[in-house]
Student: 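Dropping a structure here in structure tokens format, bear with me for questions.
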Number of protein chains: 2
Amino acid sequence: MEPLKRLVLERLMEYYRFLTERTARMASPTVTSAQIAKALDIDPTQVRKDLAAIGLTGMGRVGFDVHEACYAIRVVLGFDQKHEAVLIGTGHLGGVLLAYSGFARYGLHIMAAFGGGEEATGRKVAGHRVRPMKAMKPFVKTHRIRLAILAPPTEPSERLLRRLVTAGVQAIWNFTPSQVAGPPGILVRNEQHFSVGLSEIGYHLKR
Amino acid sequence: MEPLKRLVLERLMEYYRFLTERTARMASPTVTSAQIAKALDIDPTQVRKDLAAIGLTGMGRVGFDVHEACYAIRVVLGFDQKHEAVLIGTGHLGGVLLAYSGFARYGLHIMAAFGGGEEATGRKVAGHRVRPMKAMKPFVKTHRIRLAILAPPTEPSERLLRRLVTAGVQAIWNFTPSQVAGPPGILVRNEQHFSVGLSEIGYHLKR
DNA sequence: TAGATTGTTAATCGATTAACAATC
DNA sequence: TAGATTGTTAATCGATTAACAATC
């Protein structure tokens, strides 16, 4: 089967967040594509197609089983697995990521935090001891870590990327301002620089 | 003339960041669409179209004048104006936004920070005194603030949005996990929830 | 049964890329 | 001049939306 496209994956995450929140509010065991679509401001056909793409089949006249849908999404997106990660870069944003308690429900666990500068090393950030960068590669190797999260003030240099990849990392989640080009086979997700949003806002606010 | 689409605006911001960084590294007064395209991994035709859309015209055989291009983008995206903003929500992420020194070069200035809880009020976050939410509306009105930045733990309730809009806010930059639906005429930019990126990563890492 | 909802194909829409004459 | 680069039209591609028979 075709791998799922990024846009589909992102929508699946949104369906999942909507459905789990909705379950907390109301007890209904089923949901229609129209209800999901309305909440997320997209087309109902899109919702049905996405759910069909992961093997879900709705019931005429009542819609989709919420538990079944949540379970299927969880499995497809790998939330039922444990994803161990290292954080590299322990500035303010790194602290936010370390402190964020919401990751665990998606299977993500930050196992260690590494900081470049002398000053950082040994300090505690959000309850995590900051380890020296030297210790990163051995840690990743021995713990078989597959995900690295990059945050400022990390510079994602060629050398750092090479070290991560040879240590065995298979995905990079990049929160630094620099775009990272992925080595083949390695997934790189560049979270947009803050400022990108400003382009739309500045244009709108402009006289 | 047609208003520029969001995707075009975002690419313009990326061109701008690339060109300004590049100028710091090398002195060349011109740049070709192919050079920009290669650095940003897009098609050169796209670059030429985007630049044409804001009135820039290149020179055969040499490309575009870097200073001219930067200036034009700055004007179109409103970086040459002063955008005054209030921040609502002074958790960790709010602190990151307050501390971020890079906004000023895009014309963005956070003039005041407001926090909901009693505990927050009066504390200092990144050098800013946290003001009580009650003070938000008068502040926005008297200073004619046009942009509100929302950060956790703010809940973007209907009531809060109404208050912002009646106070005169014209754009909302939303960093909370909740999607905000824009009242007509008001631009809302929802920065994706952290977890959206995890969908792609989880799918890739899944065994 | 009647009617709401699905699953799926076809049509539309918009964005990206290719092609190439015009230009410096 | 020769050749690299632009500006722009046409072709392609992919994503979104419309339509509607099948289903429960």
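Chain A is the first sequence line, chain B the second, and so forth, proteins listed ahead of strands; every chain is numbered from 1.
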Student: Protein-nucleotides 22-24 of chain D N/O pairs closer than 3.5 Å?
Tutor:
none

Student: Donor-acceptor pairs under 3.5 Å, side chain of residues 194-201 of chain A to any protein atom, not counting sequence neighbours: which ones?
Tutor:
unit_1, atom_1, unit_2, atom_2, d
A:S195, OG, A:H193, ND1, 2.4
A:S199, OG, A:V196, O, 2.6
A:E200, OE1, B:R189, NH1, 2.9

Student: Show every salt bridge (Lys or Arg N to Asp or Glu O under 4.0 Å) that has at least one partner inside residues 23-50 of chain A, sequence neighbours left out.
Tutor: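 Qualifying pairs, neighbours excluded: A:R11-A:D50.
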
Student: Could you note down all residue pairs passing ring pair (Phe, Tyr, Trp, His ring centres under 6.0 Å) where residues 29-52 of chain A supplies at least one of them, sequence neighbours left out?
Tutor: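 As it turns out, there is no ring pair (Phe, Tyr, Trp, His ring centres under 6.0 Å) pair with a partner in residues 29-52 of chain A once direct neighbours are skipped.
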
Student: Please state how far atom CG in A:L51 lies from atom P in C:dT5, giving the value in whole angstrom units.
Tutor: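 My rounded result for the distance is 15 Å.
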
Student: The criterion is side-chain contact (heavy atoms from CB on, under 4.5 Å); which residues satisfy it with B:A126, sequence neighbours excluded?
Tutor: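 B:L98, B:A99.
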
Student: Just the atom pairs and distances: protein N or O near nucleotides 17-21 of chain D's N or O, under 3.5 Å.
Tutor:
unit_1, atom_1, unit_2, atom_2, d
D:dT17, O4, A:K49, NZ, 2.9

Student: Could you state the CG-P distance from A:L56 to C:dT8, rounded to the nearest angstrom?
Tutor: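 Distance, rounded to whole Å: 13 Å.
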
Student: With a cut-off of 3.5 Å and sequence neighbours excluded, list every side-chain donor-acceptor pair involving residues 60-73 of chain A.
Tutor:
unit_1, atom_1, unit_2, atom_2, d
A:D65, OD1, A:H67, N, 3.1
A:D65, OD1, A:E68, N, 2.7

Student: For the pair made of CG in A:D41 and P in D:dT16, what is the distance, rounded to whole Å?
Tutor: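 Checked: the CG to P distance equals 13 Å.
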
Student: Going from CD1 on B:I110 to OH on B:Y100, what distance comes out if it is rounded to the nearest 0.5 angstrom?
Tutor: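 If I round to the nearest 0.5 Å, the distance is 11.5 Å.
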
Student: Using a cut-off of strictly less than 4.0 Å, decide whether B:K5 has a side-chain nitrogen or oxygen near OP1 or OP2 of C:dA15.
Tutor: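 Affirmative; the distance criterion is met.
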
Student: Which residues pass the salt bridge (charged side-chain N to carboxylate O under 4.0 Å, His left out) test with A:R6, sequence neighbours left out?
Tutor: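 If we apply the salt bridge (charged side-chain N to carboxylate O under 4.0 Å, His left out) test to A:R6, skipping adjacent residues, the hits are A:E10.
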
Student: Show me the donor-acceptor pairs, under 3.5 Å and distance only, between side chains in residues 74-92 of chain A and residues at least two apart or in other chains.
Tutor:
unit_1, atom_1, unit_2, atom_2, d
A:R74, NH1, A:Y16, OH, 3.2
A:H83, NE2, A:G78, O, 3.0

Student: Side chain of A:T32 only, please: which of D:dT5, C:dT6, D:dG7 is the nearest?
Tutor: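 Of the options given, the side chain of A:T32 lies nearest C:dT6.
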
Student: With side chains defined as the heavy atoms from C-beta onward, is the minimum distance between B:F175 and B:V96 less than 4.5 Å?
Tutor: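 They are not in contact (no side-chain heavy atoms under 4.5 Å apart), so the answer is no.
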
Student: Rounded to whole Å, how long is the line connecting atom CG of B:D65 with atom P of D:dT5?
Tutor: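 Distance, rounded to whole Å: 16 Å.
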
Student: Could you name each residue pair satisfying side-chain hydrogen bond (donor to acceptor under 3.5 Å, both in side chains) that touches residues 152-168 of chain A, not counting sequence neighbours?
Tutor: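 Checked against side-chain hydrogen bond (donor to acceptor under 3.5 Å, both in side chains) - neighbours excluded - the pairs reaching residues 152-168 of chain A are A:K137-A:T166.
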
Student: Based on the rotation axes of five pairs at each end, what angle does the helix from C:dG3-D:dC24 to C:dC24-D:dG3 bend through, to 10°?
Tutor: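 End axes: 10° apart.
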
Student: Which residues pass the ring-ring contact (aromatic ring centres under 6.0 Å, His included) test with A:H143, not counting sequence neighbours?
Tutor: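 Partners of A:H143 by the ring-ring contact (aromatic ring centres under 6.0 Å, His included) criterion, ordered by chain and then number, come out as A:F139.
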
Student: To the nearest Å, give me how far apart CG (B:D50) and C1' (C:dG14) are.
Tutor: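 So the two atoms are 14 Å apart, to the nearest Å.
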
